[in-house]
J.: 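Dropping a structure here in structure tokens format, bear with me for questions.
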Amino acid sequence: MSRVLIVGAGLTGSVCACLLRREMPNKVSIVVWDKARGAGGRMSTSRSPSDPNCTADLGAQYITATPYYAKTHRSFYDELLAHGILKPLVAPVEGMLMKEEGLRNFVTPRGSSSIVKHYLRESAGAEVCFDHHITHIYQKGASWEVQRKGGEAEHFDAVVLTMPTPQLLQLQGDVPSLIEGGPRQKLESVSYSSRYALGLFYSAGVRIDVPWAAKYIADNPCVRFISVDDKKRNVESSTSGPSLVVHTSVAFGAEHLEAAEKDVGCLVLAELKKVLPGLPEPVSVKVQKWRYSQVLSAVTDTPGQLTLLPRPLLVCGGDAFAHSNFDGCIASALKVFEVLKSSL
């Protein structure tokens, strides 16, 4: 039985694990490592410190399916809809630009991380480990020795890397020599936007009186998007308070990328009060820095994946090899799985 390590418990990594379990149940032992404390990656859902039922999506806000991907990835959409993980977006979103006819928008009633958690559950038997930050990868004959901070090295027959490309470029061991030349140039060509997200959590009984569930802001240098998150997800509750999500503009994120998160939070809250005067005071605020928010320029000529070594297999995947949304991650996971299947 081949032991496969998937680095990254985001959408691409979780779908890869699920496909391996479903298609090769008796041939692989699946291990998923993530340096964060929980699953989701940029599909992140945070909870209020004072009320675990009050949640806010600080990453992906909703999923847009084009007619092409609604057909191509229909099995994925149908599965998530059947489980109640996705539901059509019916709440009003001001300022949303519909660039293409036939687009369908979906929300996640239990938070965007519920998609990733679903695929990890479907990877029954996979060993999922958090707070596992890999640093070195060495080829040892027909396998890989993978080292992480504060832990012992482990050996795997195949390794899948789904982290943002700047983090991939920081890996030591045999990785620098494997990517020297063309692969390095491709990986270094990837560019990302950066932004901050704030989650504002309120106590039960508080009302946020606005005529929309979410709104794009065009005329503020700091605030780009606001969502009354439970209202957007159509899960307003009488027992827990509402939550508000604020996403900054890309320009603001880039300008304040290295600032202290506490200071950034104060700046964003001050701008938010200009946009929404009279906003109630929250019980708590979570500041999330997205250094690698969305892929602006993806790797060229490597649709879905980049194989660094075929045997033992070392392959890269994620939205940097497709496009930066739900369907890009699914497309990459499918391509990575094709490589895994042929290799193993």
Side-chain angles (χ1 to χ4, degrees), residues 7-14 34-47 55-64 107-108 111-117 130-131 133 161-170 187 190-201 214-217 220-227 229 232 243-269 271-272 284-299 317-329 332:
V7 181
L11 183 55
T12 303
S14 63
D34 198 293
K35 70 175 185 176
R37 290 178 292 178
R42 281 168 283 172
M43 303 194 82
S44 168
T45 304
S46 291
R47 298 182 182 277
T55 63
D57 284 331
L58 297 186
Q61 293 296 300
Y62 54 86
I63 290 171
T64 299
V107 289
T108 49
S112 60
S113 65
S114 63
I115 297 177
V116 173
K117 291 175 181 177
F130 300 109
D131 290 312
H133 186 175
L161 303 172
T162 70
M163 70 272 275
T165 55
Q167 296 176 359
L168 193 157
L169 287 165
Q170 293 171 6
L187 295 171
V190 178
S191 62
Y192 292 82
S193 63
S194 301
R195 70 177 76 237
Y196 284 88
L198 268 65
L200 283 65
F201 301 99
K215 181 177 182 178
Y216 287 91
I217 309 297
N220 187 281
C222 170
V223 177
R224 180 68 181 98
F225 177 84
I226 307 172
S227 168
D229 215 42
K232 179 202 70 184
S243 61
L244 191 79
V245 171
V246 184
H247 278 196
T248 70
S249 67
V250 170
F252 178 91
E255 182 182 352
H256 298 86
L257 190 59
E258 305 306 332
E261 291 185 2
K262 182 179 179 181
D263 294 338
V264 172
C266 291
L267 289 173
V268 177
L269 289 173
E271 289 297 324
L272 179 62
S284 60
V285 178
K286 167 75 181 292
V287 180
Q288 173 70 56
K289 178 195 292 186
W290 293 116
R291 183 178 293 274
Y292 308 114
S293 175
Q294 288 182 299
V295 175
L296 299 176
S297 176
V299 174
D319 57 355
F321 302 90
H323 40 272
S324 197
N325 55 24
F326 173 85
D327 286 296
C329 292
S332 176

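Because only heavy atoms are used, hydrogens play no part in the values below, and waters and symmetry mates are left out as well, while side chains stay in.
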J.: For Y192 versus R42, what's the shortest heavy-atom pair and its separation?
T.: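 Here Y192 and R42 meet closest at CE2-NH1, 4.2 Å.
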J.: Identify the two heavy atoms, one from T12 and one from G318, that lie closest to each other, and give their separation to 0.1 Å.
T.: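 Minimum heavy-atom contact is OG1-CA, 3.5 Å.
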J.: So which atom in Q294 and which in S324 form the shortest heavy-atom distance, rounded to 0.1 Å?
T.: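 The answer is CA-OG, 3.5 Å.
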J.: Nearest heavy-atom pair of W290 and A197: which atoms, and what distance?
T.: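 Heavy-atom minimum between the residues: NE1-CB, 3.9 Å.
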J.: Would a 4.5 Å heavy-atom cut-off, applied to side chains only, mark F326 and L11 as touching?
T.: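 Yes. Closest side-chain heavy atoms under 4.5 Å.
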J.: Could you check whether T55 and R47, counting side-chain N and O atoms only, form a donor-acceptor pair closer than 3.5 Å?
T.: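 No - no donor-acceptor pair under 3.5 Å links their side chains.
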J.: For the residue pair V295 and H323, establish whether any side-chain heavy-atom pair is separated by less than 4.5 Å.
T.: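 Counting from C-beta outward, V295 and H323 never come under 4.5 Å.
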J.: Would you name the heavy atoms of A322 and A298 that are closest together and state the gap between them?
T.: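 Minimum heavy-atom separation between A322 and A298: O-CB, 3.6 Å.
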J.: Within a strict 4.5 Å, meaning less than it, do heavy atoms of the V264 and K289 side chains meet?
T.: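 No; the side chains remain at least 4.5 Å from each other.
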J.: Under the rule for side chain to side chain donor-acceptor pair (under 3.5 Å), what residues qualify as partners of S227, not counting sequence neighbours?
T.: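 Partners of S227 under the side chain to side chain donor-acceptor pair (under 3.5 Å) test: D229.
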J.: Does the plane of the ring in Y216 sit parallel, tilted or perpendicular to the ring in Y62? Use 30° and 60° as the thresholds.
T.: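 Rings of Y216 and Y62: perpendicular, over 60°.
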J.: Can you name the nearest heavy-atom pair linking V223 to I217, along with the distance?
T.: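 Looking at all heavy atoms of both residues, the closest pair is O-CB, 3.4 Å.
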J.: Are the charged groups of R291 and E258 less than 4.0 angstrom apart, N to O?
T.: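 Yes, R291 and E258 are salt-bridged.
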